[in-house]
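Below: the structure, in C-alpha cells.
Nothing fancy with the numbering, it's 1 onward along the sequence. The structure displayed is predicted, hence computed values, not measured ones.
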Amino acid sequence: QVQLVESGGGLVQAGGSLRLSCAASGRAFSDYDVGWFRQAPGKQRELVGTINWSRTNTYYADSVKGRFAISRDNAKSTVLLQMDRLKLEDTAVYYCAAGISGTFKFWGQGTQVTVSS
C-alpha cells in the first residue's frame with residue numbers, strides 16, 4: 001500500500017505560479033510511476049502529466065506543456081508539480097496517483113487550485 005497526500009494548492013492570480021507536493025508513505029514508493037491529474041467542476045478528470053519511477057521519462061498534456069514541470073525525489077518520497085504561467089482554465093482539484101505501467105492504483109485526496117483573473 002502507498003498513501004499519498006497532496007499539498008500546496010491555493011488561490012493565485014492568472015500568470016502566477018504554484019508548486020504542488022505529493023508526499024508518499026508506505027512500501028516501495030520508488031518502484032511506482034506517479035501521475036498528476038486534475039478535475040474541474042462539471043468536467044471529467046484529466047491527466048496533467050506523469051513521471052516514471054526512475055525519473056528518466058516525463059509526459060505532459062498539451063494544455064500544460066511548457067508551463068508545468070514534474071519532478072520527484074525518491075529518497076524523500078515526494079513528487080512535485082511546478083505550475084507556472086497559470087491560466088483561469090487551470091482551476092481544478094489536483095490529484096497525485098501512483099501506479100505501474102499506466103495503471104494508477106493509489107490516489108491522494110486532492111488539493112484545490114483556483115486561478116483568478
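The side-chain hydrogen bond (donor to acceptor under 3.5 Å, both in side chains) test applied to D33 returns no partner, not counting sequence neighbours. For D73, the side-chain hydrogen bond (donor to acceptor under 3.5 Å, both in side chains) test picks out no residue, with sequence neighbours left out. Not counting sequence neighbours, the partners of E89 by the side-chain contact (heavy atoms from CB on, under 4.5 Å) test are K87.
In terms of heavy atoms, A92 sits closest to A40 at CB-N, 3.8 Å. Considering every non-hydrogen atom in both A97 and F37, the closest pair reads CB-CE1, 4.0 Å. The minimum heavy-atom distance between S21 and T78, with the atom names listed, is OG-CG2, 3.5 Å.
Residues Q112 and L11 form no side-chain contact, since every pair of their non-hydrogen atoms from C-beta on lies 4.5 Å or further apart. Residues L86 and L18 have side chains in contact (heavy-atom distance under 4.5 Å, counting atoms from C-beta outward). Two residues are said to be in side-chain contact when any heavy atoms from C-beta on lie closer than 4.5 Å; F29 and K76 fail this criterion. Between I51 and Y59 there is no side-chain heavy-atom pair separated by less than 4.5 Å. A 4.5 Å side-chain heavy-atom check between Q3 and Q1 finds at least one atom pair inside the cut-off. Looking at R19 and D84, their side chains never come closer than 4.5 Å, going by heavy atoms from C-beta outward. Taking the side chain as every heavy atom from C-beta outward, F106 and Y32 approach each other to under 4.5 Å. In this structure the side chain of S17 never reaches within 4.5 angstrom of the side chain of M83, judged on heavy atoms.
Side-chain heavy atoms closer than 4.5 Å link hydrophobic residues (I, L, V, M, F, W, Y) into clusters, and following such links, even through other members, never connects F104 to V2. Criterion: ILVMFWY side-chain heavy atoms under 4.5 Å apart, direct or through other members. Under it, V113 and L88 are part of a common hydrophobic cluster.
A donor-acceptor pair under 3.5 Å links the side-chain atoms of N52 to the main chain of R55, judged by distance alone. Remark: the backbone N or O of I70 is paired with a side-chain donor or acceptor of Y60 at under 3.5 angstrom. Looking at T111, its side chain does come within 3.5 Å of a backbone N or O of G9 through a donor-acceptor pair. Formation of a donor-acceptor pair under 3.5 Å by the T91 side chain with backbone atoms of V115 is found in this model. Side-chain N or O atoms of E6 include one that pairs as donor or acceptor with a backbone N or O of Q109 at under 3.5 Å.
Rounded to the nearest 0.5 Å, atoms OG (S117) and CD (Q13) are 8.5 Å apart. Distance check: Y95 OH to L4 CG gives 13.0 Å after rounding to the nearest 0.5 Å. Note that the CG atom of L80 and the SG atom of C22 stand 9.0 Å from one another [nearest 0.5 Å]. Taking CG of L81 as the start and SG of C96 as the end, the distance is 10.0 Å to the nearest 0.5 Å.
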Worked check of side chain to side chain donor-acceptor pair (under 3.5 Å) between T56 and S54: CA-CA 5 Å; T56 57; S54 61; 2.9 Å; yes

CA sep, side-chain torsions, deciding dist, call: V93, R38, side-chain contact (heavy atoms from CB on, under 4.5 Å): CA-CA 5 Å; V93 178; R38 67 185 181 186; over 6 Å; no

Verdict with reasoning, D90 to R67, per side-chain contact (heavy atoms from CB on, under 4.5 Å): CA-CA 11 Å; D90 294 320; R67 300 188 298 120; 2.7 Å; yes

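Under a cutoff of 6.0 Å and an axis angle of 45°, R45 and W36 do not form a cation-pi pair.
Ring orientation note: the planes of Y94 and F68 are tilted relative to one another, at an angle of 30° to 60°.
Around CH2 of W53, the count of heavy atoms belonging to other residues, nucleotides or ligands within 6.0 Å does not exceed 12.
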